[in-house]
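I have placed the structure first, in the form of structure tokens, so that the comments after it can refer back to it.
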There are 2 protein chains.
Amino acid sequence: MALPKVGSIGEYIREQRQQAKISLRQLAEQAGVSNPYLSQIERGLRKPSAEILNQIAKGLHISAQALYVQAGLIEDREPPSDVIAAIRADTFITGRQRQVLIDIYESFRKENRPAGGPDDQADDESPLPEELLSAIEAVTSSNGTRHQSTQEG
Amino acid sequence: MALPKVGSIGEYIREQRQQAKISLRQLAEQAGVSNPYLSQIERGLRKPSAEILNQIAKGLHISAQALYVQAGLIEDREPPSDVIAAIRADTFITGRQRQVLIDIYESFRKENRPAGGPDDQADDESPLPEELLSAIEAVTSSNGTRHQSTQEG
DNA sequence: ACGGAGTGCTAGCAATAGTTAGCGCAGGTC
DNA sequence: GACCTGCGCTAACTATTGCTAGCACTCCGT
């Protein structure tokens with residue numbers, strides 16, 4: 001996974017610009033930023049805001065996301081945090097449901113840890129701890145029967 | 001599809017903070033920003049940088065991504081694909097676990113649909129269909145007994 | 001009553017982002 | 001040669017972000 005080194009946003013922008021074979025002034029104009037500022041950014045003298053990065057991305061015809069990643073504003077979708085972040089950001093499920101999903105996910109992760117990581121070969125060996133299963137049952141039971149069963153007992 | 005309106009980052013932060021039942025000063029401290037500045041942000045008087053948003057997100061224990069979306073820095077991933085795509089791309093859980101998670105998520109979504117969207121009030125009414133629960137049990141059982149039970153029959 | 005702790009906010013300031021005006025250089029044309 | 005166009009950059013400036021010091025208010029305990 002030879003990702004470009006995060007942090008050298010200026011270098012990255014210059015590379016992309018040179019790849020596109022356009023001058024600094026052309027990119028500045030297309031991006032709608034001043035060319036001296038773009039020059040400063042490329043040389044690492046300034047740290048542009050996300051909005052400026054967005055504009056530069058448009059000028060370069062690349063995704064703003066790529067520039068955000070280079071600038072360290074967002075993480076390059078590391079799978080571990082991505083699922084959790086996605087679940088957290090989801091507004092279509094309730095907070096309780098989010099927590100349940102996250103718990104399940106983390107439980108899966110925990111069980112896979114002794115396997116040493118991403119083993120798709122172990123598809124058939126997907127353990128689900130029974131305490132988690134009972135927690136899920138509690139969610140279902142509370143909705144199914146509507147009685148306030150205490151889970152502590 | 002009642003998503004929060006993008007752009008009212010200050011309102012969003014205040015709402016999240018009030019949901020978390022912490023004071024402005026507490027959040028400011030947890031986020032590592034000055035409390036007057038946080039106050040200004042909440043009231044829309046200032047436009048925080050992505051870094052500040054990142055810090056605030058940490059203080060709120062939410063994803064920075066959610067704040068970036070609110071602030072308009074990134075586009076709101078379409079929720080259907082975000083969680084599901086993230087789960088699919090995850091390499092730390094097995095394919096079977098991925099499918100289970102996706103099924104759970106979709107089931108949550110489906111149950112929430114008549115509720116009209118993100119109702120955190122309905123936390124206690126998070127229905128989990130019994131067929132899904134049995135599917136989860138099947139995952140657990142297949143791991144517990146280690147026999148190659150055919151699931152087709 | 002007072003004092004203390006907590007709350008959110010105001011005013012002023014320092015630091016930084018982003019712009020404008022202009023420079024020197026290179027290449028081309030007459 | 002002079003002039004023009006295009007290149008990237010410097011210096012000074014404006015606008016904005018983010019902070020510090022301090023205020024007024026509320027609530028509670030003595």
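Convention: sequence-line order gives letters A, B, ...; per-chain numbering from 1.
Remark on DNA chain D: of its neighbouring residues A:Pro36 and A:Gln26, the 5'-side contact belongs to A:Gln26, judged by nearest-heavy-atom nucleotide.
In the interface, the side chain of A:Arg46 is paired with the base of C:dG18 through a donor and an acceptor atom under 3.5 Å apart. Judged by atom type and distance alone, A:Asn35 does not reach the base of D:dC7 through any side-chain donor-acceptor pair under 3.5 Å.
D:dT17 atom C1' lies 9 Å from atom CD of B:Gln40, rounded to whole Å. A:Ile52 places its CD1 atom 16 Å from the P atom of D:dA15, with the value rounded to the nearest Å. Put simply, CD on A:Gln55 is 16 Å from P on C:dA17, counting in whole angstrom units. Here the P atom of nucleotide D:dC9 and the CD atom of A:Glu42 are 7 Å apart, to the nearest Å. If you measure from atom OH of A:Tyr37 to atom P of D:dG8, you get 18 Å, rounded to the nearest angstrom. Summarising the geometry, the separation between CZ on A:Arg25 and C1' on C:dG24 is reported as 11 Å, rounded to the nearest angstrom. Rounded to an integer number of Å, the gap from B:Leu24 CG to D:dC23 P is 20 Å. Rounded to whole angstrom, the span from the CG atom of B:Leu27 across to the P atom of C:dT7 amounts to 12 Å.
Within 4.0 Å of B:Ser34, counting heavy atoms only, lies at least one base atom of the nucleic acid.
Checking side-chain atoms of B:Ser8 against main-chain N and O of B:Glu11 turns up no donor-acceptor pair under 3.5 Å. A donor-acceptor contact shorter than 3.5 Å links the side chain of A:Arg17 to the backbone of A:Ile22. For the pair A:Gln19 (side chain) and A:Gln16 (backbone), a donor-acceptor distance under 3.5 Å is absent.
The side chain of B:Ser39 contributes no N or O atom lying less than 4.0 Å from OP1 or OP2 of C:dT10. The side chain of A:Arg43 places an N or O atom within less than 4.0 Å of a non-bridging phosphate oxygen (OP1 or OP2) of D:dT10. At least one side-chain nitrogen or oxygen of A:Ser23 sits closer than 4.0 Å to the OP1 or OP2 atom of D:dC7.
Nearest nucleotide to the side chain of B:Pro48, out of D:dC19, C:dG18, D:dG18: D:dG18.
If you run side-chain contact (heavy atoms from CB on, under 4.5 Å) between A:Ile9 and each of A:Gln70, A:Glu42, A:Arg14, only A:Gln70 comes through.
Contact check for B:Asn54 versus A:Leu73: no side-chain heavy atoms found under the 4.5 Å cut-off.
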